[in-house]
Trainee: 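One structure coming up, written as structure tokens, with questions to follow.
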2 protein chains.
Amino acid sequence: MRKFNMSYVRRVGALEDSFLGSGLPYGTARILYEIGLAAQPISSAADPATTVQEIRTRLGGLDSGYVSRMLRTLESKGYVATERDPADGRRRLVRLTEDGFKQWDDLERRSEEHARLLLDPLTPRQRDRLNEALATADLLVRAATITLERVDPSDPMAQEAMGRYFAEIGDRFGFTVGDEGFGDDPTLRPPNGAFFIAASDGAPVASGAVREFDGTAEIKRMWVDPAWRGAGLGARLLRHLEAEALRLGHRVVRLDTRDVLSEAIGMYERAGYQRIDRYNDNPHATHFFRKELAQA
Amino acid sequence: MRKFNMSYVRRVGALEDSFLGSGLPYGTARILYEIGLAAQPISSAADPATTVQEIRTRLGGLDSGYVSRMLRTLESKGYVATERDPADGRRRLVRLTEDGFKQWDDLERRSEEHARLLLDPLTPRQRDRLNEALATADLLVRAATITLERVDPSDPMAQEAMGRYFAEIGDRFGFTVGDEGFGDDPTLRPPNGAFFIAASDGAPVASGAVREFDGTAEIKRMWVDPAWRGAGLGARLLRHLEAEALRLGHRVVRLDTRDVLSEAIGMYERAGYQRIDRYNDNPHATHFFRKELAQA
DNA sequence: TCATATATCTGACTTTAGTCAGGTAACTGC
DNA sequence: GCAGTTACCTGACTAAAGTCAGATATATGA
């Protein structure tokens with residue numbers, strides 16, 4: 001890995017330096033790029049404007065003054081426009097101007113061109129192999145750098161995760177859950193419960209919670225972003241939740257799920273969960289599991 | 001690829017920032033590392049000392065003043081020692097001191113540790129997949145960034161390549177070639193010939209030449225570093241040599257090789273070469289080939 | 001032997017990248 | 001409605017990274 005870093009950065013990293021070539025220093029170009037990305041209709045939420053904060057967290061917690069200054073630069077060059085967020089006057093909405101989009105496309109084009117040039121000497125087969133290798137490496141590195149954090153269930157990230165969780169359940173099972181129905185379950189908070197979020201680049205990609213139920217621990221709200229399934233994230237989260245259950249003083253964990261979620265059921269079984277009889281009155285659940293935790 | 005760069009650098013690139021953690025700024029640490037690398041008995045030529053120039057080219061053509069200053073810093077910290085090169089008084093030999101080696105090992109250790117930490121959340125199987133993917137990507141990127149250049153046969157790189165070529169032939173076929181026997185073949189020079197070197201990180205990894213022989217073009221000195229075989233480098237070099245033959249006004253290329261070199265023979269056949277009768281009196285050759293070049 | 005080229009060094013300079021310590025206006029919870 | 005937070009901004013600062021224009025000593029070719 002280290003070897004790869006050295007050699008890759010020396011070759012291709014220098015390439016990304018041409019990230020500039022646009023007359024913009026690297027940091028500034030990065031911000032421009034990030035603003036443009038947010039406007040791209042890739043994710044479901046394709047709002048052409050972002051907040052300053054969003055940019056900061058997506059770029060890994062840059063200093064607010066630093067970002068502010070760079071935004072000022074971009075603004076003075078006419079690449080971005082800012083305005084007060086009507087929803088919260090402290091925030092500023094940032095969006096690319098027409099010129100900014102031109103710059104953004106330019107960055108893309110230049111970068112594309114550079115990649116093409118680099119790959120030119122390779123045969124098509126080699127190129128395919130390289131792309132595949134990079135895609136694999138990317139997924140795994142992303143998976144490895146996911147952070148697991150306990151948050152309050154009312155935290156915006158938690159809300160987003162639960163929103164998607166319920167939306168998906170609704171989609172798959174043909175019912176809708178009231179928008180506000182999951183907002184504030186106090187059992188998922190300390191001292192007797194906990195809610196965890198797995199985040200990548202500041203966006204939630206998985207969630208899960210433990211709470212007390214009927215004298216044992218119960219796992220709730222297990223959800224993994226569809227794009228991230230199969231990366232071992234669920235199992236990792238599960239281990240984390242079990243450790244938390246142990247910490248909360250429980251020796252037994254139970255959970256319910258639904259027959260249609262066969263991947264989840266497989267995961268629970270692989271993790272040592274045993275099928276048991278119905279232990280609650282959840283109308284959506286069809287399968288019930290239980291596991292005895294080993295002492296740490 | 002661009003996607004990978006963005007995401008990888010954001011995660012792991014920041015990792016390599018800890019390349020410092022040693023109190024040395026990144027640039028300086030890079031130089032220390034490079035000097036240490038040169039001393040490592042990885043390559044056949046494991047001279048504990050390098051020249052300033054070597055460092056500069058290996059790091060991609062840094063400014064000489066910049067490097068000089070960093071060397072001064074390293075020297076003042078007691079990590080490197082320099083001396084006049086007895087072979088050429090303009091040059092300076094640079095080597096790590098004992099303390100310098102300690103620092104170098106520290107960098108290695110720290111970097112290793114960091115990689116371990118990063119990979120920790122992955123399952124062993126995932127880790128293996130990642131390593132494999134990175135190794136593949138590394139090889140291909142290296143292959144893609146090789147430079148093909150015409151040099152004079154007396155150029156040190158050319159000399160090194162031919163030296164290894166003859167050494168290998170000698171090894172494999174049980175005879176030795178006089179050290180000075182290949183030094184100066186004027187037929188491999190313009191106007192009627194050309195010698196090409198494929199280099200990676202300033203080290204020759206493949207060589208090949210065209211010359212005129214008996215009214216047609218002849219390819220000579222085809223050699224690919226054993227570590228690089230199978231990466232399509234030979235075929236690429238061959239295409240290049242054919243283009244050069246064409247440029248020199250030839251329509252036909254011939255070459256000889258030896259039965260034991262089955263990979264080479266396969267490559268020539270795949271490239272459209274046809275077996276012909278002996279056309280010269282090279283005692284080491286057993287196979288003879290010919291190809292008619294298409295107009296560009 | 002002399003003109004020219006090469007390898008390195010020194011000094012003066014610029015641009016990036018980033019940190020830190022406040023400041024201001026807007027929101028939030030009690 | 002007010003204390004405390006939050007989101008963003010400004011100014012002052014630093015260190016790193018790199019560029020450029022000579023200077024110096026050594027080698028090389030005619």
Side-chain angles (χ1 to χ4, degrees), chain A residues 9-10 13-14 16-17 19-32 35 49-76 80-94 152 154-156 184 202, chain B residues 9-10 13-14 16-32 35 49-76 80-94 152 154-156 202:
Chain A
V9 166
R10 202 179 281 175
E16 282 306 309
D17 260 13
F19 198 1
L20 28 152
S22 57
L24 291 174
Y26 185 72
T28 316
R30 237 159 81 213
I31 290 203
L32 180 79
I35 300 171
T50 348
T51 61
V52 176
Q53 192 152 54
E54 174 103 4
I55 298 169
R56 292 215 297 128
T57 59
R58 300 237 299 190
L59 288 167
L62 294 184
D63 180 83
S64 86
Y66 183 32
V67 171
S68 183
R69 217 178 312 281
M70 287 195 277
L71 282 174
R72 238 33 67 221
T73 309
L74 287 172
E75 223 169 0
S76 78
V80 312
T82 61
E83 69 193 289
R84 254 183 68 144
D85 185 342
D88 182 339
R90 289 168 302 181
R91 276 201 293 250
R92 312 215 77 199
L93 294 178
V94 188
D152 193 89
S154 68
D155 182 281
D184 229 5
Chain B
V9 166
R10 202 180 281 176
E16 282 304 311
D17 260 13
S18 91
F19 198 2
L20 28 152
S22 56
L24 292 174
Y26 185 72
T28 317
R30 238 159 81 214
I31 290 202
L32 180 78
I35 300 171
T50 349
T51 60
V52 176
Q53 190 151 57
E54 174 102 4
I55 298 168
R56 291 215 297 127
T57 59
R58 300 237 299 188
L59 288 167
L62 294 183
D63 180 83
S64 83
Y66 183 33
V67 171
S68 183
R69 215 176 314 280
M70 287 195 278
L71 282 173
R72 237 36 66 222
T73 308
L74 287 171
E75 222 169 2
S76 78
V80 313
T82 61
E83 70 195 286
R84 252 183 69 142
D85 185 342
D88 182 338
R90 288 168 303 182
R91 276 203 292 253
R92 311 215 79 198
L93 293 178
V94 188
D152 194 90
S154 68
D155 181 282

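Basis for what follows: all heavy atoms, side chains included, without hydrogens, waters or symmetry-related copies. Labels below follow one simple rule: chain letters A, B, ... track the order of the sequence lines, proteins then strands, and each chain is numbered from 1.
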Trainee: Is A/Arg72 touching bases, backbone alone, or none of the nucleic acid, heavy atoms closer than 4.0 Å?
Mentor: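 Contact class for A/Arg72: sugar-phosphate only.
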Trainee: What is the distance, rounded to the nearest whole Å, between atom CD1 of B/Ile31 and atom C1' of D/dG18?
Mentor: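 Those two atoms, CD1 and C1', are 12 Å apart.
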Trainee: Identify, between B/Glu54 and A/Thr28, the residue whose nearest nucleotide on DNA chain C lies closer to the 5' end.
Mentor: B/Glu54
Trainee: When you compare the side chain of B/Leu62 with that of B/Arg30, does any pair of heavy atoms fall below 4.5 Å?
Mentor: yes
Trainee: Which one, D/dC8, C/dC20, C/dG18, comes nearest to the side chain of A/Gln53?
Mentor: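 Nearest to the side-chain atoms of A/Gln53, counting from C-beta on, is D/dC8.
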Trainee: What are the two closest non-hydrogen atoms of B/Met70 and B/Thr28, and how far apart are they?
Mentor: SD-N, 3.5 Å
Trainee: Of all the choices, D/dA17, D/dC20, C/dC20, which nucleotide is nearest to the side chain of A/Asp63 once you look at every atom?
Mentor: C/dC20
Trainee: If you find the nucleotide of DNA chain D closest to B/Leu62 and the one closest to A/Ser68, which residue's nucleotide is nearer the 5' end?
Mentor: A/Ser68
Trainee: Measure CZ/A/Arg92 against C1'/C/dC27 and give the value in whole Å, please.
Mentor: 16 Å
Trainee: Reckon B/Arg56 touches a base, only the sugar-phosphate, or nothing at all at heavy-atom distances under 4.0 Å?
Mentor: nothing
Trainee: Does A/Leu71 reach the side chain of A/Val67, with side-chain heavy atoms less than 4.5 Å apart?
Mentor: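 In short, these two side chains touch, coming nearer than 4.5 Å.
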Trainee: Mind checking if B/Gly65 touches a base, just sugar-phosphate, or nothing, with heavy atoms under 4.0 Å?
Mentor: base
Trainee: Just how far, in rounded Å, is P of D/dC8 from CD of A/Glu75?
Mentor: 13 Å
Trainee: Send over the distance from A/Arg84 CZ to D/dT6 C1', rounded to a whole Å.
Mentor: 14 Å
Trainee: For B/Arg69, give me all partners under side-chain hydrogen bond (donor to acceptor under 3.5 Å, both in side chains), at least two apart in sequence or on another chain.
Mentor: none
Trainee: What distance separates B/Glu54 CD from B/Thr57 OG1, expressed to the nearest 0.5 Å?
Mentor: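 Result: 5.5 Å between the selected atoms.
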Trainee: The side chain of B/Arg91 is closest to which nucleotide in this list: C/dA7, D/dC8, C/dA26?
Mentor: C/dA7
Trainee: To the nearest Å, how far apart are B/Asp85 CG and D/dA27 P?
Mentor: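 The distance from CG of B/Asp85 to P of D/dA27 comes to 9 Å, rounded to the nearest Å.
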Trainee: From the list D/dC9, C/dG18, D/dG18, which nucleotide is the closest neighbour of the side chain of B/Arg30?
Mentor: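 Out of D/dC9, C/dG18, D/dG18, the nucleotide with an atom closest to B/Arg30's side chain is D/dG18.
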Trainee: How many whole angstroms separate atom CE of B/Met70 from atom C1' of D/dT19?
Mentor: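 B/Met70 atom CE is separated from D/dT19 atom C1' by 13 Å.
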Trainee: Between the side chains of A/Arg91 and A/Thr51, does any donor sit under 3.5 Å from an acceptor?
Mentor: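 Their side chains do not contain a donor-acceptor pair, so the 3.5 Å distance test is not met.
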Trainee: In whole Å, what is the span from the CZ atom of A/Arg90 to the C1' atom of D/dG4?
Mentor: 11 Å
Trainee: Any base atoms under 4.0 Å from A/Gly89, or only sugar-phosphate, or nothing? Heavy atoms, all strands.
Mentor: sugar-phosphate
Trainee: Counting only side-chain heavy atoms from C-beta out, which of C/dA17, D/dC8, D/dA17 sits nearest to B/Tyr66?
Mentor: D/dA17
Trainee: If each of A/Pro86 and A/Gly61 is mapped to the nucleotide of DNA chain C with the nearest heavy atom, which maps nearer the 5' terminus, i.e. the 5' end?
Mentor: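 Of the two residues, A/Gly61 wins.
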Trainee: Measure the distance from CZ on A/Arg69 to P on D/dC9 and round it to the nearest whole Å.
Mentor: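 Going from CZ in A/Arg69 over to P in D/dC9 covers 11 Å.
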Trainee: Describe the nucleic acid contact of B/Asp88 in one word from base, sugar-phosphate, nothing, applying a heavy-atom distance below 4.0 Å.
Mentor: sugar-phosphate
